[in-house]
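Contents: one structure, followed by commentary.
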Amino acid sequence: MPELPEVETVARQLAPSVAGRRVRGLEILDPLLEDGRTPQLAGRPIASVERSGKRVLFEFGPARGRQVRPLWLAVHLRMTGRLLWLERAAAVPREHLRARFRVDGGELLFVDTRRFGTFRWYRTREAAAPVGVEPLSPELTRPRLASLLRGSSQEIKPWLLRQDRLVGLGNIYASEILHAAGLSPFRAAGSLDGREIRRLLVATRRILTQAIRACGTTFSDFQDARGIEGSYQRFLAVYEREGQRCRRCRARVERVVQQQRSTYHCPGCQA
DNA sequence: ACCCTCCTGTCA
DNA sequence: TGACAGGAGGGT
């Protein structure tokens, strides 16, 4: 569940369940998750859970008595990572379990089939902040987007996947946003005019907002312990719709490969 | 700015 | 067997 709407969904579902609970311990079962500075967590409360870019950001408060500084953990789910909150007594799925937080009243599990997920620890929120701009923040104005795009000869679809410009977009929503904006994925990012940039901005906000409302996109039929399952797949206009007719202009949706990743677009209405 | 790679699983 | 999968860091 890896793009902005899916990560937002995870953070929103997790926060009320775990915020305020005290951590008893952390077991890292997959050495790939060690970033060399895995700290002692025992006794620290989970102060907050939020989304930052495509990562779930956990804030751990100070433990009673000892450490006074808070601690931040950014969990990147990458392709197949999941964070599962299980109340005590729930059956624990062992398959692909990569890390386990023992928490008062339950367990927070990190499950990740492909093992691409990452943990990164930070001492401050600022250090944990991503470089790119949050697409739904008021910071992303049209002039700001224009300045991000300016001078880039990169094709707009791969440009949207860069996390050092905008954060949170991935392969599904990049294609969906360009379709909603009526923009060809092959356009050079820096070649968009003012009206096109406006369309891109409006489409970005609209698609992401709708996808968050739908709790994201879920392809697998996997049901996790909290029943998090998105429904945005119902609204996909081009992604994984190769050969089907465009809902807007009836042309057939095409799949092409850009930088070794699939791009779906409608050659009829994406100029 | 682009290609490869990391890892595991599923599907044709 | 090979292509592909919601991602991105490292190397050229």
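Every chain is numbered from 1, with letters handed out A, B, ... down the list of sequences.
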Determine, for nucleotides 5-12 of chain B in 5'-to-3' order, which nucleotides have protein heavy atoms under 4.0 Å from the base (write B), from only the sugar-phosphate (write S), or from neither (write -).
-BBBS---

So what does A/Ser153 hit on the nucleic acid, given a heavy-atom distance under 4.0 Å: a base, only sugar-phosphate, or nothing?
sugar-phosphate

Heavy atoms only: give me the nearest A/Asp35-A/Arg120 pair and the separation to one decimal.
OD2-CA, 3.6 Å

Can you tell me which nucleotide in C/dA8, C/dA5, B/dC2 comes closest to the side chain of A/Met79?
C/dA5

Spacing of the C1' atoms in B/dT10 and C/dA8 (rounded, Å):
23 Å

Separation of B/dA1 C1' from A/Asp164 CG (nearest whole Å):
12 Å

side-chain hydrogen bond (donor to acceptor under 3.5 Å, both in side chains) with A/Arg12: which residues, sequence neighbours excluded?
A/Glu8

A/Arg78/A/Asp112 salt bridge by N-O under 4.0 Å criterion:
no

Which of parallel (below 30°), tilted (30 to 60°) and perpendicular (above 60°) describes A/Phe186 and A/His265?
perpendicular

Using whole Å, what does the distance between atom C1' of nucleotide C/dG9 and atom CZ of A/Arg55 come to?
14 Å

Would you please confirm or rule out a distance under 4.0 Å between OP1 or OP2 of C/dG7 and any side-chain N or O of A/His76?
no

Counting heavy atoms from C-beta on, name the nucleotide in C/dA8, B/dC3, C/dA5 closest to the side chain of A/Gln259.
B/dC3

Before accepting this row, confirm whether a basic side-chain N of the pair A/Arg144/A/Glu139 lies closer than 4.0 Å to the acidic partner's carboxylate O.
yes

NA contact type, A/Arg261, heavy-atom cut-off 4.0 Å: base, sugar-phosphate, or nothing?
base

Between C/dA5 (P) and A/Phe219 (CZ): distance, integer Å:
10 Å

Among all residues two or more places apart in sequence or in another chain, which pass the salt bridge (Lys or Arg N to Asp or Glu O under 4.0 Å) test with A/Glu134?
A/Arg51

For DNA chain C, determine which residues of residues 165-191 of chain A have any heavy atom closer than 4.0 angstrom to one of its atoms, and list them numerically.
A/Gly170, A/Asn171, A/Ile172

Who passes side-chain hydrogen bond (donor to acceptor under 3.5 Å, both in side chains) against A/Gln258, sequence neighbours left out?
A/Glu155, A/Thr263

Does a donor on one side chain and an acceptor on the other come within less than 3.5 Å for A/Thr217 and A/Tyr173?
yes

Give a yes or no on whether a salt bridge exists between A/Arg187 and A/Glu196, defined as a side-chain N under 4.0 angstrom from a carboxylate O.
yes

Mind checking whether A/Phe235 and A/Tyr232 have parallel, tilted or perpendicular rings, split at 30° and 60°?
tilted

Listed range with range, the stems formed with DNA chain B by at least 3 consecutive Watson-Crick or G-U pairs (under 3.5 Å) are B:1-6 with C:7-12, B:8-12 with C:1-5

Could you please name the option among B/dA1, C/dG7, C/dA8 that lies closest to any side-chain atom of A/Gln154?
B/dA1

Please report whether the ring centroid of A/Phe110 lies less than 6.0 Å from that of A/Phe101.
no

Spacing of A/Leu160 atom CG relative to C/dG7 atom C1', expressed in whole Å:
15 Å

On a heavy-atom basis, which atom in A/Glu176 and which in A/Val238 lie closest, and how many Å separate them?
OE2-N, 3.0 Å

So, is A/Arg255 near the phosphate of C/dC4, with a side-chain N or O under 4.0 Å from OP1 or OP2?
yes

